[in-house]
Structures are given as C-alpha cells and as structure tokens.
2 protein chains.
Amino acid sequence: MLYRNFTIKVFIMLNLIPEPCCTLEISGAEQEKLVRMFKALGNPIRFEIMKFLVTHPGCITGDIVTFLPIAQATVSQHLKVLRQAGWIEGITSGPATNYCLHEANITWFRQKVGAIF
Amino acid sequence: MLYRNFTIKVFIMLNLIPEPCCTLEISGAEQEKLVRMFKALGNPIRFEIMKFLVTHPGCITGDIVTFLPIAQATVSQHLKVLRQAGWIEGITSGPATNYCLHEANITWFRQKVGAIF
DNA sequence: CTCCTTTATCGTAAAAGTACGATATAGTAA
DNA sequence: TTACTATATCGTACTTTTACGATAAAGGAG
C-alpha cells in the first residue's frame, strides 16, 4: 500500500492521471473489512439469510435450514461467512446456536458507505 | 419465489419456525439488483476503482489502468461489472470512455440498505 | 455411561470469478 | 485510404466459491 501511494503521487506529478478532487478516509484493515462485508452479502442465499434474521431475530440454525432449500452443511458455511464478515453474531445456547444481526457492525457499514460514496 | 413464500407460510403455520417480528419491503428484481451491487463491490480491485472514481470523477479507462497494477483487459472487465451492477456509468467521448459514479443508483443503494437493516 | 439433538467441519466435485495475451472495434488524424 | 490511440471482447489458464454427503464435536436427557 505504501508503494501504491507513492506510485499515485509520481503519476500525478507527471500528469499521467488527473488531480484528485478530494480525499478518502478509508484504507488498510478498515477497507478490507468493508470489502469483506460487501462480498458476504453479494450472494443470494446469504442475503436471504440476512433477511430471515431481520424478521426472525434470535432464531437458531435449524430454523434457517428449514426455511432454505439447501443442505445443513451449506447453511452452516454461509453463516460462518456472515459471522466472519461481521454481519451477524451467534450465541451458543446448549447444543443450538442463536443468531442475530450485529447491529454495531451494520451501523458502521452504513456510516462508511455514506461517508465514501 | 412464489413457491418459497408458500413454503414459509406453511412452516409458520406448523410452528416449524418462529413468527416473523416484522416485514421486509424487498424481493424479486430489486433484491437481485441489490445483491449484484453488493457482489460487485465485494472485490478489492473493484473497490479500489470506485475509490479512484470518487477522487477522480470523469477520468478515462486509461487513467485507471495506469493507476492499477493489473492488465488493461482486466480493468475493462471490472469496469463492465461495476457498470452492469449500476455503480458507475461510462460516457463515450471519441475513442475514450469517461467514467463516473452513478449517483442515483448509489443513493438508491444507501436508502435500501438503511431501510432493510 | 449411552443415546439423541444440534451444529460445525472435512473432503471433494462442479460452478463461477479472475487474470492475462491476443485480437477486434471504433474514433481521430493525416 | 493508412496509421495511431483507446477500449472492449475473446479464448483460456488458474483460483475461488459453492454445494453436498459424511463425519466430528458438544451439550442435554435418561
């Protein structure tokens, strides 16, 4: 990333690309997290899971498996992606796991998108 | 989708999944468009292109190719994905193409995300 | 302890995405 | 017309994602 920023400055000095009109306040780990959140919701099944969790907060994995026309292993995999991206959080209760939206991260996502674009 | 909605209702009647706490106002073509927009920005190179367009509105493909460490063909492909997703629009001017953000779609994206999550 | 329920993980096959060089297209200039 | 510039598309390797069945792990009941 340091190399990239240096390259940009050289290119601007040489007039190879136009002057930037403004600056952006995202890069590094924050940007990676944002891209990961975008990627996670860029899948129809995972979007459907998120919608289900909005209307069924605190439900367990089995409810989602019953709701969706795909195998339990696949649902578990999608939940892992959503969890690692920060969209949801799972709370273990006995052998089951209750899932709900990660409100703080969702708010962060909205704020970042609003600030950048 | 009709079959899915029917299945959901049957499951709810049979108490196989908990009652929904609320309703959602997205489905069908709108949902597909939203997922496509999420997916398009779920790639680090395309996110970088979007950032570049924020700070360099109206620049041409060549500027982005100069800026990024990837081949011209790949940049063109990424621009196509962003265009088809609705994030950007390209205006042909002579042999070149000027790209800028699709403000209306971006506003729509922010509003939808805010309304759903 | 055993048995059952619930969920996560493993291994793997099929599908989709990403990257590149080569080529095609389309506009401008001479 | 030819030559040049800028970009899009084609064909094709390579990588990643997605889906499944099978299995493992972990808690609760008896």
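In what follows, chains are A, B, ... by sequence order, proteins preceding strands, each numbered from 1.
Each salt bridge (Lys or Arg N to Asp or Glu O under 4.0 Å) pair with one or both residues in residues 93-109 of chain A, not counting sequence neighbours, would appear here, but there are none.
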For nucleotides 15-17 of chain C, tabulate all protein N/O to nucleotide N/O atom pairs closer than 3.5 Å, reporting atom names and distance.
| from | atom 1 | to | atom 2 | distance (Å) |
| --- | --- | --- | --- | --- |
| dG17(C) | OP1 | K39(B) | NZ | 2.5 |

Taking only nitrogen or oxygen atoms into account, show me every contact under 3.5 Å that the protein makes with nucleotides 25-30 of chain C, one pair per line with its distance.
none

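Residue Y99(B) has a polar side-chain atom (N or O) positioned under 4.0 Å from OP1 or OP2 of dA8(D). The phosphate of dT7(D) (OP1 or OP2) has a side-chain N or O of T61(B) nearer than 4.0 angstrom.
Within 3.5 Å, no donor on the side chain of Q72(B) pairs with an acceptor on the base of dA6(D), nor the reverse.
For DNA chain D, the neighbouring residues in residues 73-86 of chain B, judged by any heavy atom under 4.0 Å, are A73(B), S76(B), K80(B).
Whole-Å rounding puts the I49(B) CD1 to dA19(C) C1' distance at 13 Å.
For S93(A), the side chain to side chain donor-acceptor pair (under 3.5 Å) test picks out N98(A), with sequence neighbours left out. Qualifying side chain to side chain donor-acceptor pair (under 3.5 Å) partners for K33(A), counting only residues two or more places apart in sequence or in other chains: N105(A). Here T92(A) pairs with T97(A) under the side-chain contact (heavy atoms from CB on, under 4.5 Å) rule; sequence neighbours left out. For C22(B), the side-chain contact (heavy atoms from CB on, under 4.5 Å) criterion is met by V54(A), T55(A), not counting sequence neighbours. Not counting sequence neighbours, F47(B) has no partner by the ring pair (Phe, Tyr, Trp, His ring centres under 6.0 Å) test. Applying the side-chain contact (heavy atoms from CB on, under 4.5 Å) test to E89(A) and every residue at least two apart in sequence or in another chain returns C100(A), H102(A). The salt bridge (charged side-chain N to carboxylate O under 4.0 Å, His left out) check on K112(A) picks up E30(A), with sequence neighbours excluded.
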Less than 3.5 Å apart, which donor and acceptor atoms pair up between the side chains of residues 69-85 of chain B and the rest of the protein, not counting sequence neighbours?
| from | atom 1 | to | atom 2 | distance (Å) |
| --- | --- | --- | --- | --- |
| H78(B) | ND1 | R46(B) | NH1 | 3.0 |

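Summarising the geometry, atom CD1 belonging to I60(B) is positioned 13.5 Å from atom CD1 belonging to I91(B); distances are rounded to the nearest 0.5 Å.
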